[in-house]
Amino acid sequence: MAHSRIELDQWYDLYIDELFAFGMAFGQEKDFVLDAIHDLFLHLLESADKIEILGSPKSYLFCALKNKIITSCRNRTDWCRLDEEYDYDFKIEVNAGTLMEDEEERISYEQELENLLKLLTNKQREVIYLRFIQGLSVQEISEILNITPKSVRRMTYRAIERMQQSRLGILFLLFYSI
């Protein structure tokens, strides 16, 4: 199915902020992430009649952006093999400002949440981000990460379990106040 310029413009307007936040979680510079997003949309525009997007545009864009960032990082570091797993540091920026008014309490929750997230692997942080912050389905996450839905569920469960073992209270703040 060919996508029109108007449709791509709508996707850009609708998803640019979320794509930027997702791209920044890979620990890259702002300009690098913006270039990757713009390259992605340029590619979509140039190949609109050849690309078929199955499923939601949001999960397709997240997957394509992740692939573009990883490919660009590999190219920048002169990787010899492109089939190797690229090890990246996935960071989630914690901002509880919208959840609470008291500055001291907010800072305390943010620090505690950051400490919990540090307990997780990069993939677990990425799954938590996509599932609970971006609100993507298990199927969409499996497409983005190129793993089975069962693996996504297992990874989510293990991440939650690991955080529960450390601090139960802050976990509820994260998941149930968003």
Side-chain angles (χ1 to χ4, degrees), residues 1 3 8 11-12 14-30 32-44 47 50-77 79-95 113-166 171 174-176 178:
M1 175 181 157
H3 300 283
L8 293 174
W11 290 352
Y12 183 88
L14 188 60
Y15 299 119
I16 183 65
D17 294 333
E18 294 174 53
L19 288 168
F20 180 72
F22 181 66
M24 290 300 293
F26 288 93
Q28 301 300 316
E29 295 174 7
K30 177 182 174 182
F32 178 85
V33 172
L34 288 172
D35 285 346
I37 293 169
H38 294 143
D39 288 348
L40 168 62
F41 276 93
L42 182 62
H43 173 73
L44 287 173
S47 307
K50 300 175 194 151
I51 296 176
E52 184 174 348
I53 297 176
L54 304 172
S56 79
K58 182 177 180 178
S59 63
Y60 176 85
L61 292 171
F62 271 64
C63 184
L65 178 61
K66 178 181 178 177
N67 290 338
K68 185 157 285 294
I69 288 172
I70 290 173
T71 300
S72 295
C73 288
R74 286 178 178 162
N75 291 341
R76 285 193 331 189
T77 57
W79 282 51
C80 296
R81 294 185 47 184
L82 295 180
D83 60 342
E84 295 176 1
E85 175 100 9
Y86 178 71
D87 188 28
Y88 52 87
D89 188 19
F90 194 85
K91 300 173 185 154
I92 299 175
E93 185 176 312
V94 177
N95 183 357
L113 186 54
E114 285 176 1
N115 289 336
L116 285 175
L117 292 170
K118 286 178 185 175
L119 298 172
L120 305 179
T121 66
N122 285 321
K123 284 272 195 201
Q124 287 174 329
R125 276 193 298 273
E126 191 170 3
V127 167
I128 293 295
Y129 175 82
L130 293 171
R131 183 77 177 115
F132 296 105
I133 295 175
Q134 290 300 326
L136 296 178
S137 70
V138 170
Q139 182 62 39
E140 290 171 323
I141 296 169
S142 72
E143 292 167 8
I144 292 170
L145 300 180
N146 198 26
I147 59 177
T148 66
K150 183 177 180 180
S151 295
V152 171
R153 284 190 290 276
R154 186 179 318 122
M155 204 174 297
T156 303
Y157 172 78
R158 288 185 179 157
I160 291 171
E161 184 177 54
R162 184 177 281 177
M163 289 190 294
Q164 280 177 330
Q165 290 171 352
S166 178
L171 183 65
L174 171 66
F175 296 130
Y176 296 112
I178 292 179

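Keep in mind it's a predicted model, so treat the numbers as computed, not measured.
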Nearest 0.5 Å please: distance from the [atom1] atom of [X] over to the [atom2] atom of [Y].
{"X": "I133", "Y": "R125", "atom1": "CD1", "atom2": "CZ", "value": "12.0 Å"}
{"X": "R154", "Y": "T148", "atom1": "CZ", "atom2": "OG1", "value": "6.5 Å"}
{"X": "R158", "Y": "T156", "atom1": "CZ", "atom2": "OG1", "value": "11.0 Å"}
{"X": "L40", "Y": "Y12", "atom1": "CG", "atom2": "OH", "value": "10.5 Å"}
{"X": "M155", "Y": "T121", "atom1": "CE", "atom2": "OG1", "value": "6.5 Å"}
{"X": "I69", "Y": "F32", "atom1": "CD1", "atom2": "CZ", "value": "6.0 Å"}

Which atoms form the tightest heavy-atom contact between [X] and [Y], and what is the distance?
{"X": "L136", "Y": "R131", "result": "O-NH1, 2.9 Å"}
{"X": "K68", "Y": "A36", "result": "CD-O, 3.2 Å"}
{"X": "C63", "Y": "E143", "result": "SG-O, 3.5 Å"}

Any side-chain heavy atom of [X] within less than 4.5 Å of one from [Y]?
{"X": "F20", "Y": "K30", "result": "yes"}
{"X": "V127", "Y": "L120", "result": "no"}
{"X": "L65", "Y": "Y15", "result": "no"}
{"X": "K66", "Y": "L145", "result": "yes"}

Using modelled atom types and a 3.5 Å cut-off, is there a donor and acceptor pairing between side-chain atoms of H43 and backbone atoms of D39?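 Here the side-chain-to-backbone pair does not exist.
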Just do the side chain to side chain contact (heavy atoms under 4.5 Å, CB included) check on F22 and Q134 with the steps written out, would you? CA-CA 9 Å; F22 181 66; Q134 290 300 326; 5.6 Å; no
Apply the side-chain contact (heavy atoms from CB on, under 4.5 Å) test between I144 and each candidate in L130, V152, N67; give the one that qualifies. L130
Tell me, with the steps shown, if M163 and L117 meet side chain to side chain contact (heavy atoms under 4.5 Å, CB included). CA-CA 8 Å; M163 289 190 294; L117 292 170; 4.3 Å; yes
